[in-house]
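Everything below concerns the one structure shown next.
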Amino acid sequence: MTRTPWEWTRLIGFYALVVVIVVISIFPFYYAILTSFKSGTAIFEINYLPVDFSVQNYITVMTGRNFIRSVINSVFISGVTVLLALFLAVTASYALSRVRFRGRSLLLITILGVSMFPQIAVLAGLFELIRFLGIYNTPWAMVLSYTIFTLPFTVWVLTTFMRDLPIEIEEAAIIDGATPWNIITKVFMPLLWPALVTTGLLAFIGAWNEFLFALTFTISETQRTVPVAIALLSGASEQEIPWGPIMAASVIVTVPLVILVLIFQRKIVAGLTAGGVKG
Amino acid sequence: MAEIILKNVTKSFGQIEVIKGVDLLIKKGEFMVFVGPSGCGKSTMLRLISGLESITTGEMTFDGEVVNNVIPSKRGVAMVFQSYALYPHMNVYNNMAFGMKLAKSGTGDIKQRVEEAAKLLQIEHLLDRLPKQLSGGQRQRVAIGRAIVRDPRVFLFDEPLSNLDAALRVATRLEIAKLHHDMGDVTMIYVTHDQVEAMTLADRICVLRDGYVEQVGTPSELYEKPDSIFVAGFIGSPKMNFLEGEFADAFDCSTLGIRSEHIDFCDENPVWQGEVVHTEDVGSDNYIFVEIGSKEPLIVRSPGRKGSVYGMKVGLKPQDQHLHRFNREGRPIR
């Protein structure tokens with residue numbers, strides 16, 4: 001196949017753009033990995049290729065006082081947030097998409113409205129609520145606040161998906177003797193699997209990365225989540241910022257997300273496009 | 001297996017009354033077909049009987065037991081939907097077994113029933129497949145199979161053939177008739193807008209119009225003794241000829257109905273005379289459209305393949321015993 005010069009230009013232009021996008025999105029992470037394997041003053045030399053390989057930073061982080069504990073906190077909080085948000089969202093979307101009741105669309109708009117508030121706007125109120133509930137400085141403070149912030153999006157996405165499921169399938173299940181709970185768990189959830197994975201993963205990432213609430217609602221080091229722990233990593237003196245360990249910690253907490261996304265990649269793509277097109 | 005009685009049943013959706021007071025008896029083991037134009041309430045009637053919708057006022061009984069507020073699965077109904085409504089993520093076996101699994105039946109029992117139903121419908125080789133791997137006709141069989149497995153008292157069909165192509169529709173119609181015969185004592189209720197389906201399948205037909213029952217009767221009763229102009233015009237293909245004005249006056253009625261096969265050609269002393277304006281040859285019969293000065297041309301069936309020539313003058317005579325005379329209210333004069 002021969003190409004005209006114009007076609008060559010377009011092809012090269014296309015791949016050049018791809019390279020630019022990939023570099024912009026990957027480079028910071030790549031540089032973090034690079035830096036995390038450097039030691040001593042090598043950190044302040046600019047290299048674009050690996051020059052030395054030292055796991056000293058990783059050892060420092062992992063043996064640090066509470067880093068492992070922070071990772072465990074983060075995993076627990078993000079995991080529970082995802083489960084709780086999905087449970088509430090699936091049941092709520094069933095009602096919002098299938099049960100006829102007065103004020104349904106108003107409720108949907110309100111849910112969407114809630115997600116417009118910036119975190120800082122509700123921080124003070126949420127802080128009071130958390131003190132009132134007596135869950136200050138416990139993982140449940142984060143679980144509660146992350147669930148609140150994740151739910152509007154999750155509910156909206158799942159409601160849209162559920163609306164697209166044919167009503168006859170539900171009616172067939174009713175005739176077969178299924179209760180609403182049976183319908184949700186045995187008929188709808190398997191069909192919504194891509195949507196659940198997508199929203200669940202986004203909720204997980206959101207909870208994993210969150211900083212402001214995690215900083216505000218915890219006081220003791222053992223209750224911290226990873227983003228806070230990294231931010232508060234301190235060096236030998238106040239003047240020293242421990243770049244090496246910070247980079248190593250960043251890599252450690254990013255890798256699980258990358259792996260999760262890669263595993264569910266196909267489902268996510270299916271989830272983001274399904275429902276848009278009838279099929 | 002159930003006798004269903006509806007007493008003054010109404011159904012409203014908000015302000016709109018869809019079913020406006022229906023009294024109906026459906027006998028045990030009967031094949032009842034609800035037929036009518038779109039929007040007449042026939043599907044709503046079926047959904048009321050299934051329990052998917054609850055009746056607004058009135059009373060519904062299955063074998064004497066009031067079921068107004070009984071949920072579908074407790075009524076012992078099974079339903080076949082127009083769109084098949086199979087569970088897309090389950091294979092054929094699980095689709096058919098789902099109801100029994102929910103009812104916590106034993107595995108052996110389920111297996112036996114599903115296999116029996118599959119055998120009856122000749123879909124044994126499809127049990128491992130997913131619905132998306134099946135053709136339309138096969139999906140419809142699975143949907144019917146799912147209904148059979150539930151061993152229902154009442155079998156409900158909601159326009160089950162309308163998504164199938166013409167040839168398959170005829171074949172499946174035959175199978176449903178056979179199924180009714182094989183299952184003997186199961187009451188079946190079937191909704192369709194196709195009067196040919198109604199005529200060929202039904203023990204009795206219930207013609208609905210605007211939320212009221214127009215007439216209930218056997219296909220031949222409806223065909224031969226329609227209770228209104230509406231039924232007369234709805235049942236039968238081609239449509240019954242209606243004559244008004246002076247044509248009707250000559251027979252002492254407001255509207256005169258006559259079916260195409262009940263008009264004879266006659267050259268001596270014809271009742272009507274006219275010109276052939278169109279012919280439709282459907283193979284077995286030839287329908288000849290004769291312009292006699294009425295609103296619409298008179299359709300006359302001419303058996304065999306006798307060709308008629310456009311513009312030919314013909315004389316026509318109705319068979320007196322097959323005349324349908326209607327009064328001003330559209331009711332028959334007998």
Side-chain angles (χ1 to χ4, degrees), chain A residues 86 90 93-95 97-106 158 160-200 264 266-268 270-271 273-279, chain B residues 13-14 43 46-47 49-54 70-91 94-105 110 130-132 139 142-160 163:
Chain A
L86 283 185
V90 165
S93 332
Y94 178 74
S97 62
R98 286 298 203 240
V99 183
R100 273 178 252 151
F101 59 88
R102 198 180 291 267
R104 180 168 69 169
S105 24
L106 182 71
L158 291 182
T160 318
F161 268 92
M162 254 191 221
R163 249 190 220 148
D164 286 351
L165 296 178
I167 188 95
E168 287 89 354
I169 291 182
E170 186 187 351
E171 289 179 342
I174 293 173
I175 297 270
D176 268 341
T179 59
W181 180 246
N182 288 144
I183 293 173
I184 291 173
T185 54
K186 295 196 172 129
V187 179
F188 279 5
M189 296 248 294
L191 295 176
L192 288 174
W193 188 227
L196 291 176
V197 169
T198 309
T199 50
F264 291 115
R266 281 168 178 281
K267 292 279 185 191
I268 293 173
T273 54
V277 186
K278 234 182 167 180
Chain B
F13 293 104
S43 283
L46 195 75
R47 293 168 63 82
I49 293 171
S50 73
L52 286 172
E53 304 279 356
S54 58
V70 177
I71 60 167
S73 53
K74 296 272 184 285
R75 294 188 186 196
V77 297
M79 189 152 166
V80 177
F81 294 84
Q82 181 179 351
S83 60
Y84 323 125
L86 299 175
Y87 310 119
H89 57 293
M90 297 183 197
N91 65 19
N94 286 326
N95 258 286
M96 290 167 73
F98 188 61
M100 285 188 80
K101 279 184 185 162
L102 287 177
K104 308 245 182 293
S105 305
I110 295 174
L130 286 171
K132 67 179 174 202
R139 285 181 205 184
V142 174
I144 293 170
R146 179 171 66 181
I148 292 175
V149 168
R150 299 204 60 233
D151 196 17
R153 291 198 285 179
V154 183
F155 228 115
L156 306 170
F157 295 91
D158 188 4
E159 307 206 19
N163 280 355

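So you know, we letter chains A, B, ... as the sequences are listed, proteins then strands, and number each from 1.
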Next on the checklist: Please determine whether side-chain contact (heavy atoms from CB on, under 4.5 Å) holds for the pair A:E171 and B:R47, giving the CA-CA distance in whole Å, both sets of side-chain angles, and the decisive distance to 0.1 Å.
Outcome noted: CA-CA 10 Å; A:E171 289 179 342; B:R47 293 168 63 82; 2.6 Å; yes
Checklist entry - Which heavy atom of A:D176 sits nearest a heavy atom of B:S73, and at what distance? => result C-CB, 4.4 Å
Item to check | Structural part of B:M100 lying under 4.5 Å from a heavy atom of chain A | outcome: neither
Next on the checklist: I want to check something: taking the side chain as every heavy atom from C-beta on, are B:R150 and A:I175 in contact at a cut-off of under 4.5 Å?
Outcome noted: yes
Next on the checklist: Using 0.5 Å steps for rounding, measure from the OG1 atom of A:T179 to the CG atom of B:L102.
Outcome noted: 7.5 Å
Checklist entry - Heavy-atom distance under 4.5 Å between the side chains of B:S50 and A:I174, does that happen here? => result no
Checklist entry - Checking B:H89 side chain against A:K186 main chain: does a donor-acceptor pair fall under 3.5 Å? => result yes
Checklist outcome for this item: Note: B:F98 and A:V187 closest approach over all heavy atoms is CZ-CG2, 3.9 Å
Next on the checklist: Tell me which of these, A:I167, A:L191, A:N182, has more heavy-atom pairs under 4.5 Å with chain B than the rest.
Outcome noted: A:L191
Checklist entry - What part of B:L86 is in contact with chain A, defined as an atom under 4.5 angstrom from a non-hydrogen atom: side chain, backbone, both or neither? => result backbone
Checklist entry - Quick check: does any side chain N or O of B:R146 sit under 3.5 Å from a backbone N or O of A:A172, one acting as donor and the other as acceptor? => result no
